[in-house]
Structure formats: structure tokens, C-alpha cells
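All remarks here apply to the structure that follows.
Below, chains carry the letters A, B, ... as their sequence lines are ordered, and counting in each starts from 1. Computed from a predicted model, the values in this text were never measured in an experiment.
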Amino acid sequence: MSFYDKVYSVVVKIPKGRVATYGQIAAILGSPRAARAVGYALHFNPSPKVIPCHRVVNRFGSLAPKFAFGGLDAQKSLLEDEGVEVNDYIVDLNKFGLREFLN
DNA sequence: TATTTGACGATTT
DNA sequence: CAAATCGCCAAAT
């Protein structure tokens, strides 16, 4: 079980209609500062079908604009389809962020 | 063991 | 939350 595998596990556990930040995931894994490693883990993305990368966002609530898995438009559609309110590719973490939901 | 790199985070400017 | 900088962590070589 590598660090990345844990990341995948957590990402998959993200409830539909919610988004998690890299930092939050890192915190859940036990390393609040390992957000970078988390992002990189998703970068590997071994199973795009199982891993909802679109639910993983940075601290602002926006998906990485640089490495968009297939286009920000697709991501926006996916999130909206799950009930997540998306404004200009930005999600309201105060409403849809995991915060203390997991743990 | 050391160096490099990278879907980040926080602070500063 | 624009752009630059530093810091942190984990993996690959």
C-alpha cells in the first residue's frame, strides 16, 4: 500500500456532490503538507474510471487549470451533474468541500 | 544517500 | 484571489 494508493482510496470515497482539496486529502492521509504528493498521485491516475479526479480540487476549489484531465468544460459538466454548484470553474468549498465530513 | 521534480499550500508583494 | 517565492512531502533515478 503506497502513499498514492491511499490517495486513490480517499478520492474514491469522496461522496457524490462534494469535492475535496489536495490539502484535505493529504491531511486525511496523515501529512497535511503533502498536498503536492497527493496531486502527483492523481497525476498518475491509474484508473480514470474509478478515480473521480474532477472531485479533487486545489485550495480555491478549482481543478488544476493546467493539467485538466480532458478539459475544464468536461469537469464542470461532471460536477454540475453531481449537484455541485460551479461558478466559472470554481466550486464553493464552503458548501461542497468535505471539511469535517470524512474523518 | 543525494538530486530532481511536481494535478499544492501559505505568505508576501 | 494575480504573480512570485519559499516550504513541504513523496517518488523516481
Would A:Leu93 and A:Tyr89 show up in the same hydrophobic cluster when neighbours are defined by side-chain heavy atoms closer than 4.5 Å?
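No, A:Leu93 does not connect to A:Tyr89 through the hydrophobic network.
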
Assigning hydrophobic clusters by single linkage (Ile, Leu, Val, Met, Phe, Trp, Tyr; side-chain heavy-atom cutoff under 4.5 Å), is A:Val19 placed with A:Ile28?
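Not linked; separate clusters.
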
Per-nucleotide protein contact along nucleotides 2-13 of chain C, 5' to 3', at a 4.0 Å heavy-atom cut-off (B base, S sugar-phosphate only, - neither), is -----BBSSS--

Taking only residues two or more places apart in sequence or in another chain, which ones pass ring pair (Phe, Tyr, Trp, His ring centres under 6.0 Å) with A:Tyr40?
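A:His43, A:Phe44.
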
Whole-Å gap separating P (B:dA7) and CD1 (A:Ile51)
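One finds 17 Å between P of B:dA7 and CD1 of A:Ile51, rounded.
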
Taking atom C1' of B:dA10 as reference, at what distance in whole Å does atom OH of A:Tyr22 sit?
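Distance, rounded to whole Å: 17 Å.
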
A:Met1: hydrophobic cluster co-members (side-chain, 4.5 Å):
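Cluster partners of A:Met1: none, it stands alone.
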
Defining pairs by Watson-Crick or G-U wobble geometry with both distances under 3.5 Å, how would you list the stems of DNA chain C with at least three pairs each?
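So the stems come out as B:2-6 with C:9-13, B:8-13 with C:2-7.
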
What donor-acceptor contacts under 3.5 angstrom involve side-chain atoms of residues 55-65 of chain A, with partners at least two apart or in another chain?
| from | atom 1 | to | atom 2 | distance (Å) |
| --- | --- | --- | --- | --- |
| A:Arg55 | NE | A:Glu82 | OE1 | 2.9 |
| A:Arg55 | NE | A:Glu82 | OE2 | 3.2 |
| A:Arg55 | NH1 | A:Ile14 | O | 2.9 |
| A:Arg55 | NH2 | A:Glu82 | OE2 | 2.9 |
| A:Asn58 | OD1 | A:Phe60 | N | 3.1 |
| A:Asn58 | OD1 | A:Gly61 | N | 3.3 |
| A:Asn58 | OD1 | A:Ser62 | N | 3.1 |
| A:Asn58 | OD1 | A:Ser62 | OG | 3.2 |
| A:Asn58 | ND2 | A:Ser62 | O | 3.2 |
| A:Asn58 | ND2 | A:Ser62 | OG | 3.3 |

With salt bridge (charged side-chain N to carboxylate O under 4.0 Å, His left out) as the rule and sequence neighbours excluded, what pairs involving residues 67-81 of chain A come up?
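Pairs touching residues 67-81 of chain A that pass the test: A:Lys76-A:Glu80.
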
Hey, could you give me the OH/OG distance between A:Tyr4 and A:Ser9, rounded to the nearest 0.5 Å?
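It comes to 14.5 Å.
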
Under the side-chain contact (heavy atoms from CB on, under 4.5 Å) criterion, do A:Val11 and A:Lys13 qualify, and how do the steps go?
CA-CA 5 Å; A:Val11 174; A:Lys13 286 167 59 178; over 6 Å; no

Selection from C:dC1, B:dG9, B:dA7 that lies nearest to any side-chain heavy atom of A:Ile90:
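Looking only at heavy atoms from C-beta outward on A:Ile90, the closest nucleotide is C:dC1.
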
